[in-house]
*Asks:* 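Just passing along the structure, written as structure tokens.
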Amino acid sequence: HELDTALQNNRKSRNAWLGSISHDLNTPATAMKIIVDGMNEGIFEPTEETLRELQTENDNLVQRIGRGIEYSSLIADTKLQVKEVSTEALITELSEQYPISADIKTKNIECDENLIKQALTELLENAIKASPETEIELTVEETEQAYIISVKNKAKLSEELTTAMFEPWVRGDTARTNGGNGLGLPIVAAIAALHKGKADIKQTGESVTASLNLAKNLH
């Protein structure tokens, strides 16, 4: 009975996932078709503005396809290149691009440096979009079993989506229909899983904290 329930839930999740992909790819494709058909039929003039709109929709489509490929590659065939990474150097590099207030409680972490940079960039980009004027708190610490990296900023999550936000094509703001592809947090979760860990996000008061929990001793 439990297996049957799990399979039904997976089927529903897969159908919703495919529906979201179709919507995200179909939206710019449909807009491009409308513009092209309109120009062919003489409804739209091939002006600079029209061509710019066409270019924008094409860029959206290419970007969404690229992100889909990036996510698929992560969960399919990525192999970790684990080494000891200086947390201070890592945070210093990120602070050149983002307004970070860092609390470093461990000197080094063992991880795939490029993938962790990618995961943190995704989290920081999300934080910036949610609260552009607010400094982001970034904490690096460790337990006996794991390294924990947290990104905290002022924001508000939709309660019904909190547990699902690491699923592909889920957005934190249900009212938003453009400007994102819903793959930032799933990429973060995939990178955490490659490190035999997990990603988490929660609301605490007026702040949102997203965390990477990375297992130690991956060699």
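Counting from 1, the numbers follow the sequence of the chain as shown. It should be emphasised that the depicted structure is a prediction, and the values quoted were computed from it without experimental measurement.
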*Asks:* Please report the closest heavy-atom contact between Leu90 and Lys117, naming both atoms and the distance.
*Replies:* CD1-CG, 3.5 Å
*Asks:* To check you understand the geometry: which heavy-atom pair defines the closest contact between Ala199 and Ala189, and what is its length?
*Replies:* CB-CA, 3.9 Å
*Asks:* Classify the side-chain pair Tyr147/Glu141 by whether it contains a donor and acceptor separated by less than 3.5 Å.
*Replies:* no
*Asks:* Determine the minimum heavy-atom distance between Ser131 and Asn153, stating which atoms define it.
*Replies:* OG-ND2, 3.3 Å
*Asks:* Going by salt bridge (Lys or Arg N to Asp or Glu O under 4.0 Å), name the residues that satisfy it together with Glu144, two or more places apart in sequence or in a different chain.
*Replies:* none
*Asks:* For the side chain of Ser86 and the backbone of Ala89, is there at least one donor-acceptor N/O pair under 3.5 Å apart?
*Replies:* yes
*Asks:* Who are the side-chain hydrogen bond (donor to acceptor under 3.5 Å, both in side chains) partners of Glu88, not counting sequence neighbours?
*Replies:* none
*Asks:* Any idea which heavy atoms bring Leu212 and Ala192 closest together, and the distance?
*Replies:* CD2-CB, 3.8 Å
*Asks:* Regarding Thr209 and Ser150, do their side chains bring together a donor and an acceptor under 3.5 Å, going by distance alone?
*Replies:* no
*Asks:* Thr204 and Ser207: side-chain donor and acceptor closer than 3.5 Å?
*Replies:* no
*Asks:* Of all residues at least two apart in sequence or in a different chain, which pass the side-chain hydrogen bond (donor to acceptor under 3.5 Å, both in side chains) check with Glu137?
*Replies:* none
*Asks:* Atom CD in Glu142, atom CG in Asn108: separation rounded to 0.5 Å?
*Replies:* 9.0 Å
*Asks:* Can you tell me if His195 uses its side chain to pair, donor with acceptor, with the backbone of Leu115 under 3.5 Å?
*Replies:* no
